[in-house]
There are 2 protein chains.
Amino acid sequence: MVRGNDRWSVTSIDVARHAGVSQSTVSLVFAGKAEGRVSPLTQQKVLRIAEELGYRPNIAARTLRLGHTNIIAFVIPDVTNPFFAAVLKGAEQAARAHDYAVILVSTDNDQAWQGVVMDALTTHSIEGFVLCAVRPPDNLDLSLLRGRALIVDDTYPDLTALQLDIAGGTQAAMQHLIELGHRKIAHLASRRDTATFRLRGMIYEQTLSQLGEPIRAEYTAQAALEPEDALQAARQLLQATDIPTAIFCDDDLLAIGVYKAAREMELAIPGQLSVVGFGGGLIAQTLAPDLTTVAIPAGRLGEQALEILYTILNTTQPVASALMPLQLRIGDSTALPRP
Amino acid sequence: MVRGNDRWSVTSIDVARHAGVSQSTVSLVFAGKAEGRVSPLTQQKVLRIAEELGYRPNIAARTLRLGHTNIIAFVIPDVTNPFFAAVLKGAEQAARAHDYAVILVSTDNDQAWQGVVMDALTTHSIEGFVLCAVRPPDNLDLSLLRGRALIVDDTYPDLTALQLDIAGGTQAAMQHLIELGHRKIAHLASRRDTATFRLRGMIYEQTLSQLGEPIRAEYTAQAALEPEDALQAARQLLQATDIPTAIFCDDDLLAIGVYKAAREMELAIPGQLSVVGFGGGLIAQTLAPDLTTVAIPAGRLGEQALEILYTILNTTQPVASALMPLQLRIGDSTALPRP
DNA sequence: AAGCATATGTCATACGTATGATGTTGTCAA
DNA sequence: TTGACAACATCATACGTATGACATATGCTT
């Protein structure tokens, strides 16, 4: 390692010397604990000199002394997923407002997870974690996370969670299809096995059951959250002996596959096939016709996540979990079922 | 601030005590400078004890001592843009391989830029910067960046750059359209005024000029990089007195708007209107018909960016800029012009 | 004038690591 | 036997900050 900090080394001691005060005084001023200990006049002087010299507190030293940084880690499965990107954006903005920096951690391979958290927490003295749609591995020592982590769109015993009202959203989506007259509704599910997706499946089945409709195996398919795999699964659904009139997708990414499959088979959307997605970001806007989808306010989700984490980090009390409501946004991909 | 590091405090001193050696020895082992200074046997013992105790070096202390962290900042305009997200993903993976952590900085408001860099550099002791499609403000003291920054998809005097072969890509796109027989080609440009976009415009005009075609003002429109604004601009282009037969878009995001506008005006793609984009990520896959686009290997771009930055950070020599070639990926959005 | 509270500063130290300088052995050649 | 040298380990210190424990000065009360 060649680089050193040798170029930039204006320390509190330098400021102190130039201002004719002690290092302690400078430190007090910059720590904001000067009230009653440093006269306003001196404070002015210190600040002026510091400005002139271009002094910036060294955070490594501060961290070493205080035992905490201002860094939080944001853990998501994949930045490339527009939904997570949007959440991240919201969180990052909110973080900046609180003077936190955000370190990004993607966990495409769930294995890395544990190591990453441990390392981050200890090695980098990370203060807090936002775990977005990511479940900690079972063998992870939870005490590491307690009091410093927030789970978003998932749950874990003893950890505060920011939940989405998945059940409500799914119900709204199914209700919408049913009110249009659909009964032959298929479900394109995510292959990921987390609470958020399981819940969609449960409500899907529950809704059909309440209607007295059978749950047909050939009306459910699973796919990874990317268009190619979704296409395969969608083809499969549309090859059912009794072609469904509507498909409910666990995620907008999956809807992309459905659109492609429908195009292949020359099924018009929404004329011959209705489609509902889950997400409501860029993808929903990009698909034509506009996708009817359960819209998740991703940006606000990220913001709120950070606010809650902030509370967690600054309280000894346990912080209550929160629930964010979802709304169905009706687009042009749903209509009356074909006769 | 309530939280402290009080729970986790296995230090090198603890390890030393348990292993019956001095703190120096532990430090030497963990710094990898033990060859010839610590016997293999002792090394084993230290590592074993450290493992048992769950020791992790405290990075704040190390940073304070060494004057450098293992953190780099990744600066992009907007994570929400799938292209940047993909670059980020590649970079983050490569970073982890080099034991670097990545701090994310979005600069939607260019104002924040300078403050962020200064703060990051000094306050957080950030080691290096990847500036992706972001130009440092003119009044920024460049010496702060020299030797620790890499510009991606842009240039700046005295800074190493990882360039995309925008010119080549644009030429390929225009060539493709021209070979199909198009002459009435419009340009939907980004409103952002950076080198990467200016270059697209230049090549666009140059190609037409070489063909002896006029550059018509009504064949060029500008839009922000988001679908809604792009739609407006696309409408405008398609209302030209002599409707263009093809549109070249500076970015796939803009193509979304073109697709929407074409749909509104019942212009079939590619039958009545050919469209070429720039990017080639999720959006190109989502649009139907598949978008013909200049594909940017975003993931590899991110990886390579990090490799170069790594070189920069570990050399005193200036590092040469690099150029990444682009390829036109032909989809189903381009065809012979309507008669 | 003595006593005391208030206002303003400074001292000294600890945070955990890395490393040049300085021992302490043991081995081998002369 | 002694001096030289390698191999191994430790000592002492510095990095820059924050803060409880002191020190000093000023004004006010009695």
Side-chain angles (χ1 to χ4, degrees), chain A residues 1 3-46 49-50 53-70 122-125, chain B residues 1-46 49-50 53-70 121-125:
Chain A
M1 210 57 57
R3 175 128 337 287
N5 243 9
D6 15 62
R7 329 180 173 193
W8 262 75
S9 46
V10 181
T11 74
S12 56
I13 298 184
D14 297 321
V15 176
R17 201 164 15 230
H18 283 253
V21 299
S22 74
Q23 182 268 328
S24 315
T25 302
V26 176
S27 184
L28 286 171
V29 170
F30 273 82
K33 306 208 168 163
E35 301 319 308
R37 295 196 55 168
V38 181
S39 76
L41 208 72
T42 309
Q43 292 190 38
Q44 300 291 331
K45 180 165 44 169
V46 167
I49 303 274
L53 265 50
Y55 165 71
R56 300 269 146 172
N58 176 320
I59 213 179
R62 172 177 289 172
T63 297
L64 180 57
R65 179 65 225 259
L66 294 181
H68 73 89
T69 57
N70 267 306
T122 55
T123 292
H124 271 125
S125 313
Chain B
M1 208 57 59
V2 168
R3 179 129 333 288
N5 243 9
D6 15 59
R7 331 180 171 193
W8 261 76
S9 45
V10 182
T11 74
S12 56
I13 298 184
D14 296 322
V15 176
R17 199 162 18 228
H18 283 253
V21 299
S22 73
Q23 182 268 328
S24 316
T25 303
V26 176
S27 184
L28 285 171
V29 171
F30 273 84
K33 306 212 168 160
E35 301 319 306
R37 293 195 56 168
V38 180
S39 78
L41 208 72
T42 308
Q43 291 190 39
Q44 300 293 329
K45 183 165 43 170
V46 167
I49 302 277
L53 267 51
Y55 166 70
R56 301 271 146 171
N58 176 318
I59 213 179
R62 172 178 288 169
T63 297
L64 180 57
R65 179 64 226 256
L66 294 180
H68 72 88
T69 58
N70 267 307
L121 193 53
T122 55
T123 292
H124 272 125
S125 313

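Chain naming here is simple, since letters A, B, ... match the order of the sequence lines and numbering starts at 1 in each.
Contact between the side-chain N/O atoms of B:Ser22 and the OP1/OP2 oxygens of D:dT10 is found at a separation under 4.0 Å. For the pair B:Lys33 and C:dA18, the criterion of a side-chain N or O lying under 4.0 Å from OP1 or OP2 is not met. Contact annotation: B:Ser27 side-chain N/O to C:dT17 OP1/OP2 distance is not under 4.0 Å. For the pair B:Arg65 and D:dA14, the criterion of a side-chain N or O lying under 4.0 Å from OP1 or OP2 is not met. A sub-4.0 Å separation between OP1 or OP2 of D:dC15 and a side-chain N or O of B:Thr63 is absent. Dashed line: the shortest gap from a side-chain N or O of B:Thr42 to OP1 or OP2 of D:dA9 is under 4.0 Å.
Counting all heavy atoms, side chain and backbone alike, A:Thr42 lies closest to A:Val21 at CG2-CG1, 3.9 Å. When all heavy atoms are compared, the tightest approach of B:Ala34 to B:Val29 is CB-CA, 4.0 Å. Of all heavy-atom pairs spanning A:Ala50 and A:Phe30, the tightest one is CB-CZ, 3.6 Å.
One donor-acceptor pair, N or O on each side, does fall under 3.5 Å between the base of D:dT10 and the side chain of B:Arg37. Side-chain to base pairing of B:Gln23 with C:dA18: one donor and one acceptor N or O lie within less than 3.5 Å of each other. One N or O donor and one acceptor, one from the side chain of A:Ser24 and one from the base of D:dT19, sit under 3.5 Å apart.
Among the atoms of the strands shown, base atoms are found under 4.0 Å from some heavy atom of A:Thr25. In this structure, B:Val21 reaches the sugar-phosphate backbone alone: every heavy-atom distance under 4.0 Å involves primed, P, OP1 or OP2 atoms, never a base.
Atom pair B:Leu41:CG and D:dC8:P shows a separation of 10 Å (rounding to whole Å applied). Atom pair A:Leu66:CG and D:dT17:P shows a separation of 12 Å (rounding to whole Å applied). In this entry the distance linking CG of A:Asn58 with P of C:dT17 reads 17 Å, nearest Å. Distance, A:Arg56 CZ to D:dT17 C1': 16 Å, rounded to whole Å. Between the P atom of C:dT8 and the CD atom of A:Glu35 lies a distance of 10 Å, rounded to the nearest Å. Rounded to whole Å, the distance from CD1 on B:Ile59 to P on D:dG16 is 17 Å.
Distances from the side chain of A:Leu64 to the nucleotides C:dT19, D:dT19, D:dG16 place D:dG16 closest. For A:Val38, the listed nucleotide lying nearest its side chain is C:dG9; candidates were C:dG16, D:dT17, C:dG9.
Residue order along DNA chain D, read from the 5' end via each residue's closest nucleotide, puts B:Gln43 first among A:Val26 and B:Gln43. Two residues, A:Ser39 and B:Ser12, neighbour DNA chain C, and the one matched to the more 5' nucleotide by heavy-atom proximity is A:Ser39. Heavy-atom nearest nucleotides on DNA chain D were determined for B:Leu28 and for A:Ile13, and the one closer to the 5' end corresponds to B:Leu28.
Side-chain atoms of B:Ser27 and B:Ser24 include no donor-acceptor pair closer than 3.5 Å.
A 4.5 Å side-chain heavy-atom check between A:Asp14 and A:Arg17 finds at least one atom pair inside the cut-off.
Only one option out of A:Val46, A:Ile49, A:Thr11, A:Ile13 pairs with A:Val26 in a side-chain contact (heavy atoms from CB on, under 4.5 Å); it is A:Val46.
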